[in-house]
Amino acid sequence: MDKDQQNISRGNLLAKIALAPLAIGAFAALQAQEAEAAGMTQKAAGYIKVSKMKGKNCANCALYIAAKPGKKYGACQAVSGQIAPVAYCNLYAKKAG
Ligand code: SF4
């Protein structure tokens, strides 16, 4: 390896070291966004698998995201994890209409 090649290699290494904090920062920001998108834990929301509240369940909650065809569980805009349409939690908000 001649001197020019060594300088290029050293330059590449220094550039990678200089960019590392940016990459780490971007990764941390992505993780924070994902955690926020996941929402509150089921435990914190008082989620129960089968509603005991007459006429109130996830299927008729405004925050429910219906299960895809062939799937048993949907999702929730506020609570993380798989959400059963017959479940209930303390954040229940009656769907309009
Ligand atoms: S907010 Fe609660 S009741 Fe409404 S869909 Fe989400 S988990 Fe179900």
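Whatever order the structure lists ligands and atoms in, that order sets their numbers, starting from 1. Quantities reported herein were computed from a predicted structural model and do not represent experimental measurements. When a residue number appears, it is its place in the shown sequence, counting from 1. Note: hydrogens, waters and symmetry copies are ignored here, and every other heavy atom, side chains too, is used.
Interface of Y64 with ligand 1, defined as ligand atoms under 4.0 Å from a residue heavy atom, comprises 5 (S).
In this structure, S51 contributes its side chain and A87 its backbone to no donor-acceptor pair below 3.5 Å. Listed for the K52 side chain is no donor-acceptor partner under 3.5 Å among the backbone atoms of Y88.
Among the backbone and side-chain atoms of C61, an N/O/S atom is found under 2.8 Å from atom 4 (Fe) of ligand 1. For C89, the nearest N, O or S atom to atom 2 (Fe) of ligand 1 falls under 2.8 Å.
Contact annotation for A78 and ligand 1: no heavy atom of the residue comes within less than 4.0 Å of the ligand.
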Please determine whether side-chain contact (heavy atoms from CB on, under 4.5 Å) holds for the pair Y47 and I83, giving the CA-CA distance in whole Å, both sets of side-chain angles, and the decisive distance to 0.1 Å. CA-CA 9 Å; Y47 177 87; I83 304 294; 3.7 Å; yes
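Around atom 8 (Fe) of ligand 1, the closest heavy atom drawn from C58, A84, A45 belongs to C58. The nearest non-hydrogen atom to atom 1 (S) of ligand 1, considering only N57, I65, I48, L63, comes from L63.
When all heavy atoms of C61 and K95 are compared, the closest pair comes out as O-CE, 3.6 Å.
Annotation: side chain of N60 is in contact with side chain of Y92 (closest heavy-atom distance under 4.5 Å).
With values rounded to the nearest 0.5 angstrom, L91 atom CG is found 10.0 Å from C58 atom SG.
Looking at atom 6 (Fe) of ligand 1, its nearest protein heavy atom turns out to be C76 SG, 2.3 Å.
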